[in-house]
Amino acid sequence: MGLVKNLRQEVPDCLAAGAVDMSTGMLLSVDTVDSHPPEVLDLLAAATLDLFQGRTVVMIEDVFKERRGVTSDAHYFQEILVNSDNLTHLFMRINLNEDVVAVVVCRRSVNVGMLFAQARRVVKEHSTL
């Protein structure tokens, strides 16, 4: 998948990039500097699904929609940033297809502004293809 390759190459301090299908919870593509066991990659895909569409998250979205009178099926949560001890993980829905989430993993020292700027630029370029 060109999106994943471009994220890996163009986002600063990027160690890995991937794409997850939210309708199936499957990893569509991955590009990483290290090799990882398949079960770890499967867990990443499952965790991404939980972050964006876990039961509690969907309940929160439904409450917001109800209170605001929104009848759309669109999701509220579009981007999620997670910092761990050594890494920064950015999860972004693809505008063209809300069922796909791009995942970017960088060193914790990454400039977060540049991370967002470059990742958004790459995603936008691939959304217009």
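This structure is a prediction, so every number in the text was calculated from the model and none was measured.
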- Could I get the full list of side chain to side chain donor-acceptor pair (under 3.5 Å) partners for Arg108, not counting sequence neighbours? none

- Task: Supply the atom-to-atom distance Asn6 CG to Gln118 CD, rounded to the nearest 0.5 angstrom.
- Result: 11.0 Å

- Message: Tell me the closest heavy-atom pair linking Phe52 and Val101, and the distance in Å.
- Response: CE1-CG1, 3.7 Å

- Item | Heavy-atom pair of closest approach, residues Lys65 and Ser72 | NZ-O, 3.3 Å

- Same cluster for Leu41 and Leu51 if Ile/Leu/Val/Met/Phe/Trp/Tyr side chains link at under 4.5 Å? yes

- Task: Please round to the nearest 0.5 Å and tell me the distance separating atom CG of Leu7 and atom NE2 of His126.
- Result: 7.0 Å

- With rounding to the nearest 0.5 Å, note down the distance linking OG1 in Thr48 to CG in Leu43. 10.5 Å

- Atom OG1 in Thr88, atom CZ in Arg107: separation rounded to 0.5 Å? 11.5 Å

- Message: Using every non-hydrogen atom in the two residues, find where Asp34 and Thr32 come nearest and quote the distance to one decimal.
- Response: O-CG2, 2.7 Å

- Hydrophobic cluster identity match, Val63 and Val57, side-chain contacts under 4.5 Å: no

- CZ on Phe77 to CD on Gln53, rounded to 0.5 Å: 11.5 Å

- Note on the structure: Of all heavy-atom pairs linking Tyr76 and Glu61, the shortest is N-OE2, 2.9 Å

- Do Val112 and Asn83 come close enough that some side-chain heavy atom pair is under 4.5 Å? no

- Message: Please say yes or no: joined through hydrophobic side-chain contacts below 4.5 Å, possibly via intermediate residues, are Leu87 and Val33 part of one cluster?
- Response: yes

- Task: State yes or no: do Val103 and Leu115 share one hydrophobic cluster built from I, L, V, M, F, W and Y residues joined by side-chain heavy-atom distances below 4.5 Å, directly or via other members?
- Result: no

- Item | Passing candidate, side chain to side chain contact (heavy atoms under 4.5 Å, CB included) with His89, options Ile80, Val82, Leu81 | Val82

- Note on the structure: d(Leu49 CG, Phe91 CZ) to nearest 0.5 Å is 11.5 Å

- Whether over 12 other heavy atoms sit under 6.0 Å from Glu66 CD: no

Donor-acceptor contacts under 3.5 Å from residues 8-28 side chains, at least two apart:
unit_1, atom_1, unit_2, atom_2, d
Arg8, NH1, Cys14, O, 2.9
Glu10, OE1, Arg121, NH1, 3.2
Glu10, OE1, Arg121, NH2, 2.4
Asp21, OD1, Ser23, N, 2.8
Asp21, OD1, Ser23, OG, 2.5
Asp21, OD2, Ser23, OG, 3.4
Thr24, OG1, Met26, N, 3.2

- Message: If hydrophobic clusters are built from ILVMFWY residues whose side chains come within less than 4.5 Å, do Val70 and Ile60 share one?
- Response: yes

